[in-house]
Amino acid sequence: MGMVAPNEKKRFTVLGPEDVFQFECHPGLGCFTRCCRDITIFLTPYDIIRMKNALHLSSGDFLAAYAVTMIGDTGLPVVILKMLENDEKACPFVTNRGCRLYPDRPWACRIYPLQPESTKITEKAGTAYYSVMDVDFCRGLVSDKIQSLSDWIGQQGIPVYHEMEALFKKITTNDRLIQEKITNKKIQEMYYMACYDLDRFRRFVLESTFLDRFEVSPEAIEQMKTDDVALYRFAIQWLEYGLLGQHVLRVKPDVMAAQKQEMGIE
Ligand code: SF4
Ligand code: SF4
């Protein structure tokens, strides 16, 4: 029996934070940038914030140029990075020298060659587990370089993506939404705007009657004018309020009184 390379074993092994795997990627490898072609990359809301700002585009222009939207299993929209329509189906951001958006590349590109292993047991444990992907052409996987999972996560700038994703998951993993598939087009549209088209959500908050109805502090309003992450945090709260019925936003007292009167409560 021949020797088994560590990654061959690891491919079928769940890695905990202190575990290690073999990997090294650099431009000298014959496979350099091959992994940036013909792939499906789901974009998270935070991916879009980083990418559209790196490209100096509005979220609407970014989505129109670089994304495809589909309806996922829960009935909520999901956004995928649009590959070029050439034979190679290359990512629009790949160049001979690598990724032209490297500092702001999406979460999926950062975490590669790992993939999350998410089960009820791992989620209950509150620890993220991963496995090494099995990609035949990737020479990085047969490198001698040993990486620890926790170092890798830090080097790739992943912690902020996890923090932002935890907010998003409050919506996407909500039992009520999972059980009752969303089919209402208005709700799908509202979710899409709040999660992915943040610049439109900003106009909705600042330029509609929104602020006449909800109590939002002047400081928070000021911050949301320029800070996309603050706006995203607020968008998640708005979805928790509107989609999940959680009382995380306060309706103005006079609006509440008018609503109660209309409903014959007072
Ligand atoms: S080593 Fe793997 S990750 Fe790096 S360029 Fe090659 S295929 Fe892509
Ligand atoms: S965003 Fe960058 S790293 Fe990700 S697939 Fe495109 S070129 Fe490759």
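Counting convention: from 1, in listed order, for ligands and their atoms alike. In what follows, residues are counted from 1 in the order of the sequence shown. FYI, side chains are in, hydrogens and waters are out, and symmetry mates aren't considered; it's all heavy atoms of this structure.
- Nearest non-hydrogen protein atom to atom 3 (S) of ligand 1 is Tyr112 CE2, 3.2 Å.
- Atoms of ligand 2 found under 4.0 Å from any heavy atom of Phe93 (numbered from 1 in listed order, with element): 7 (S).
- Less than 4.0 angstrom separates some heavy atom of Phe23 from each of these atoms of ligand 1: 3 (S).
- Close contacts between ligand 2 and Pro106 involve ligand atoms 1 (S) [criterion: under 4.0 Å to a heavy atom].
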Return all side-chain donor-acceptor pairs below 3.5 angstrom for residues 63-81, not counting sequence neighbours, or 'none' if the list is empty.
from	atom 1	to	atom 2	distance (Å)
Thr74	OG1	Leu76	N	3.4

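- Here the CZ atom belonging to Phe62 is positioned 6.0 Å from the CD1 atom belonging to Ile48, to the nearest 0.5 angstrom.
- Under a 4.0 Å criterion applied to the non-hydrogen atoms of Cys109, ligand 2 contributes the atoms 1 (S), 3 (S), 4 (Fe), 5 (S).
- Residue-ligand proximity, Cys91 to ligand 2, at heavy-atom distances under 4.0 Å covers atoms 1 (S), 5 (S), 6 (Fe), 7 (S).
- The one candidate from Asp61, Asp197, Asp228, Asp47 that meets the side chain to side chain donor-acceptor pair (under 3.5 Å) condition with Lys52 is Asp228.
- Scanning for side chain to side chain contact (heavy atoms under 4.5 Å, CB included) contacts around Asp104 gives Arg50, Ala54, with sequence neighbours left out.
- Within the 4.0 Å heavy-atom cutoff, Thr95 does not count among the residues contacting ligand 2.
- Near Ile41, meaning under 4.0 Å from one of its heavy atoms, ligand 2 places the atoms 5 (S).
- Protein heavy atom closest to atom 2 (Fe) of ligand 2, with residue, atom name and distance, is Cys99 SG, 2.3 Å.
- Between the CG atom of Leu231 and the CD1 atom of Ile221 there is a distance of 12.0 Å, given to the nearest 0.5 Å.
- A salt bridge does not link Arg34 to Glu88: none of the charged side-chain nitrogens sits closer than 4.0 Å to a carboxylate oxygen.
- Against a heavy-atom cut-off of under 4.0 Å, Val94 is close to the following atoms of ligand 2: 7 (S).
- Shown here is Tyr102, whose OH atom has no more than 12 heavy atoms of other residues, nucleotides or ligands within 6.0 Å.
- Donor-acceptor pairing under 3.5 Å is lacking for the side chains of Ser143 and Gln22.
- Protein N/O/S atoms found under 2.8 Å from atom 6 (Fe) of ligand 1: Cys31 SG.
- Rounding to the nearest 0.5 Å gives a distance of 12.0 Å between CD of Gln223 and NZ of Lys225.
- Remark: minimum distance from atom 8 (Fe) of ligand 2 to any protein heavy atom is reached at Cys36 SG, 2.4 Å.
- A salt bridge does not link Glu189 to Lys186: none of the charged side-chain nitrogens sits closer than 4.0 Å to a carboxylate oxygen.
- Under the rule for a side chain to side chain contact (heavy atoms under 4.5 Å, CB included), the partners of Cys138 that lie at least two apart in sequence or sit in another chain are Phe23, Tyr112, Val135, Leu141.
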